[in-house]
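So the structure is just underneath, and the comments pick up after that.
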Protein chains: 2
Amino acid sequence: MNPLDRTLVQRLDLVATLTDEDRDALRALSLTHKTVAAGTDIVVENQEVHHSCLLVDGFVHRYRDTREGKRQIIAFHVPGDIVDLHSLKFEKLDHNVAATIRCDLAFIRHEELWDLCMSRPNIAAALWRETLIDGSIFRRWIVALGRMSGIQRTAHLLCELTMRLHAMNTAQTQHFHLPLTQNELADALGLTVVTVNRTLQTLKQRGLVERNRTMLTIRNWPALAQIAGFEATYLHLRNPPAMDFSEDRQANASA
Amino acid sequence: MNPLDRTLVQRLDLVATLTDEDRDALRALSLTHKTVAAGTDIVVENQEVHHSCLLVDGFVHRYRDTREGKRQIIAFHVPGDIVDLHSLKFEKLDHNVAATIRCDLAFIRHEELWDLCMSRPNIAAALWRETLIDGSIFRRWIVALGRMSGIQRTAHLLCELTMRLHAMNTAQTQHFHLPLTQNELADALGLTVVTVNRTLQTLKQRGLVERNRTMLTIRNWPALAQIAGFEATYLHLRNPPAMDFSEDRQANASA
DNA sequence: CGAACAGTTGACACCGCTCAACGAACGTGG
DNA sequence: CCACGTTCGTTGAGCGGTGTCAACTGTTCG
């Protein structure tokens, strides 16, 4: 099966309306595949690039360092995302993209992508919408960083990632792979590792989520969404996943 | 003179490459004009809109309130900006847009804007790029909110607004109109009014900037940019303004 | 003139940071 | 398969940047 089917095509179907011809045109894109190790910088600030990078498998984050050497993570990406679609219209990048874990990537030349946009307005619209959703998520992070407490922010991030992974079927139950260290969570949340550690303990004590290394278990989605003030509309999904884990909960009750 | 010349056309010329035909096509857009009072909500969350709003004159901010009633300002807009270009591809908005002061606005129907994008790829590219720059600014705000101190954040915001106003010639010297209250600054910076007040005093004591009601005076741009860690690349301007106020400084030395 | 808003100042509390040490899990090579 | 280094996670103590609360001043405008 074409790797684009369960990544880019599936992703764009989540957020836009494509025709069969659009999908075929997407499948016809020529890809350059590459696998990179955890921690690899995929694209770095000020670099000039002529292709965009589709995340096929793994987990990616975008970040920037301050002059004092502190790191702020700006975004996370799940399989199916084009992690630097913005580079299509920028000469130089203003931040870095790195592989959080070992990743399978597929590169698409800008020229070819732009030609596709010109010949298929639907696809241009879908990709533009993708970059706008990116921006919508940024806005929500700004609100979280500026006006929400540590525990609210943490809950919000976990809600967002859970929903995005479920939307793409990368996660399918209340118990799934979330390959982030507390350090990475801290750098995304504008907190320190110590605080994140304590915050996660609080969330566990309250029976909301449990995290163990690379696994996350949602124990009480409604309550988690409640303290996060999470509503999925800002992800602009056409059919947001239900997030009803009651069946799982029974199945896992014995565990 | 067509109001689009000194707003949208000028703005897009700052960030993209247009032909004369592109400019003519932009000038031919049909506009609905409107003036709103300070504090007016221009578009609100969850609203469905079928036009985008060009800021002709005034000052606009975008914001969102948390469940606890705290406000976070997400973006500021200067004349020439389309303040809700993202709405072109979204059914529902995920945040609010409000007039910071009395504003002259011009509305453009989405249908007409999209037709223009289809017929003129250059304009589509320029507008897409506009939304990407919007996102780039969000990213920088995320870094500021997550990993920079109150004084650094404040300096950074002042640098950004100064540069954007100068790029559009809305401001032309070191002394210009910046119609923001300390309350609005606080809500943008994720601080409280009290802290902003003290931070501004510190900046003044150090001889960097002075703010008086609606006026801002840049006293030492290099030093201000230094503590903010400000570099203009993320604004993605084709020709960033020089920001050399040495002549002004002499002229204002007596004041 | 008076209400409403914007700005200023002081005292105090607290959330989250810093520093520091230790424990647990993992991976790699001998 | 163990030994060991490295990364990740955990815990405690103390500090500091911002927030909170509250009072007061200054400005604008009807």
Side-chain angles (χ1 to χ4, degrees), chain A residues 37-40 59 61 66 68-73 98-102 144-157 177-205 209-217 227, chain B residues 37-40 59 61 66 68-73 98-102 144-155 157 177-205 209-216 227:
Chain A
T40 311
F59 211 89
H61 61 271
T66 64
E68 293 88 14
K70 296 181 195 167
R71 176 176 70 158
Q72 175 67 41
I73 291 180
T100 315
I101 55 172
R102 178 190 176 87
L145 287 166
R147 289 290 184 234
M148 283 164 60
S149 67
I151 196 164
Q152 289 177 309
R153 266 182 279 185
T154 308
H156 197 278
L157 180 58
H177 202 63
L178 185 77
L180 295 175
T181 63
Q182 294 187 355
N183 215 317
E184 283 149 356
L185 287 172
D187 284 343
L189 295 166
L191 299 171
T192 59
V193 219
V194 177
T195 307
V196 166
N197 183 289
R198 288 171 178 148
T199 302
L200 289 172
Q201 287 181 39
T202 305
L203 289 173
K204 181 177 175 180
Q205 278 162 23
V209 295
E210 271 170 60
R211 202 194 72 100
N212 191 290
R213 293 272 149 178
T214 62
M215 298 303 286
L216 187 73
T217 309
I227 86 160
Chain B
T40 311
F59 212 89
H61 61 271
T66 65
E68 293 88 13
K70 298 180 195 168
R71 177 177 68 159
Q72 174 66 41
I73 290 180
T100 315
I101 54 172
R102 177 191 175 87
L145 286 166
R147 289 291 184 232
M148 283 164 59
S149 68
I151 195 162
Q152 288 178 310
R153 267 183 287 194
T154 308
L157 179 59
H177 202 62
L178 185 76
L180 295 175
T181 64
Q182 293 186 356
N183 215 316
E184 283 149 357
L185 288 171
D187 284 343
L189 294 167
L191 299 170
T192 58
V193 220
V194 177
T195 306
V196 166
N197 184 289
R198 289 172 177 146
T199 302
L200 289 172
Q201 287 181 41
T202 305
L203 289 173
K204 180 177 176 180
Q205 278 163 23
V209 295
E210 270 170 60
R211 201 193 72 100
N212 192 291
R213 294 270 150 179
T214 62
M215 297 303 286
L216 186 72
I227 87 161

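In this text, all values refer to a predicted model and were calculated from it rather than measured experimentally. Convention: sequence-line order gives letters A, B, ...; per-chain numbering from 1.
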Seminar exercise, completed: When rounded to whole Å, the CG to P distance for the pair B:Leu216 and C:dG7 reads 13 Å
For this session: Whole angstrom is fine here: how far is it from CG in A:Leu200 over to C1' in D:dT11?
Result: 15 Å
Problem set entry | Donor-acceptor contact present, side-chain B:Gln72 to main-chain B:Ala188, <3.5 Å | yes
Exercise. Would you say A:Asn197 reaches D:dG9's phosphate, i.e. side-chain N/O to OP1/OP2 under 4.0 Å?
Worked result: no
Exercise. For nucleotides 13-22 of chain D, read 5' to 3', which letter fits each nucleotide if B means a protein heavy atom sits under 4.0 Å from the base, S means only the sugar-phosphate is that close, and - means neither?
Worked result: B----SSBB-
For this session: Return the value, rounded to whole Å, for the distance between atom CG of B:Leu178 and atom P of C:dA6.
Result: 15 Å
Problem set entry | Phosphate OP1/OP2 of D:dT7 contacted by A:Arg213 side-chain N/O (<4.0 Å) | no
For this session: In plain terms, say whether B:Asp187 and A:Arg147 are close enough for a salt bridge, that is, a side-chain N and a carboxylate O under 4.0 Å apart.
Result: yes
Exercise. Can you tell me how far C1' of D:dT7 sits from CD of A:Glu184, to the nearest Å?
Worked result: 11 Å
Problem set entry | Under 4.0 angstrom between B:Gln182 side-chain N/O and C:dC5 OP1 or OP2 | no
For this session: May I ask you to verify if any side-chain N or O of B:Gln201 is less than 4.0 angstrom from the OP1 or OP2 atom of C:dG7?
Result: no
Seminar exercise, completed: Result for side-chain contact (heavy atoms from CB on, under 4.5 Å) between A:Val194 and one of A:Thr192, A:Leu191, A:Asn197 points to A:Thr192
Exercise. Rounded to the nearest Å, what distance is computed from the CG atom of residue A:Leu180 to the P atom of nucleotide D:dG9?
Worked result: 10 Å
Problem set entry | Minimum side-chain heavy-atom gap B:Leu145-B:Arg153 below 4.5 Å | yes
Problem set entry | Comparing B:Asn183 and A:Thr199 on DNA chain C - which has the more 5′ nearest nucleotide | B:Asn183
Exercise. Heavy-atom distance under 4.5 Å between the side chains of A:Leu189 and A:Leu157, does that happen here?
Worked result: yes
Problem set entry | Short side-chain donor-acceptor distance under 3.5 Å, A:Glu184 and A:Thr181 | yes
For this session: Rounded to the nearest angstrom, tell me the gap between atom CD in A:Gln205 and atom C1' in D:dT11.
Result: 13 Å
Exercise. Going by heavy atoms in the side chains, are A:Met215 and A:Leu178 under 4.5 Å from each other?
Worked result: no
Exercise. Between B:Arg102 (CZ) and D:dC29 (C1'), how many Å, whole number?
Worked result: 15 Å
Exercise. Taking CG from A:Leu185 and C1' from D:dG9, how many angstroms apart are they, rounded to a whole number?
Worked result: 12 Å
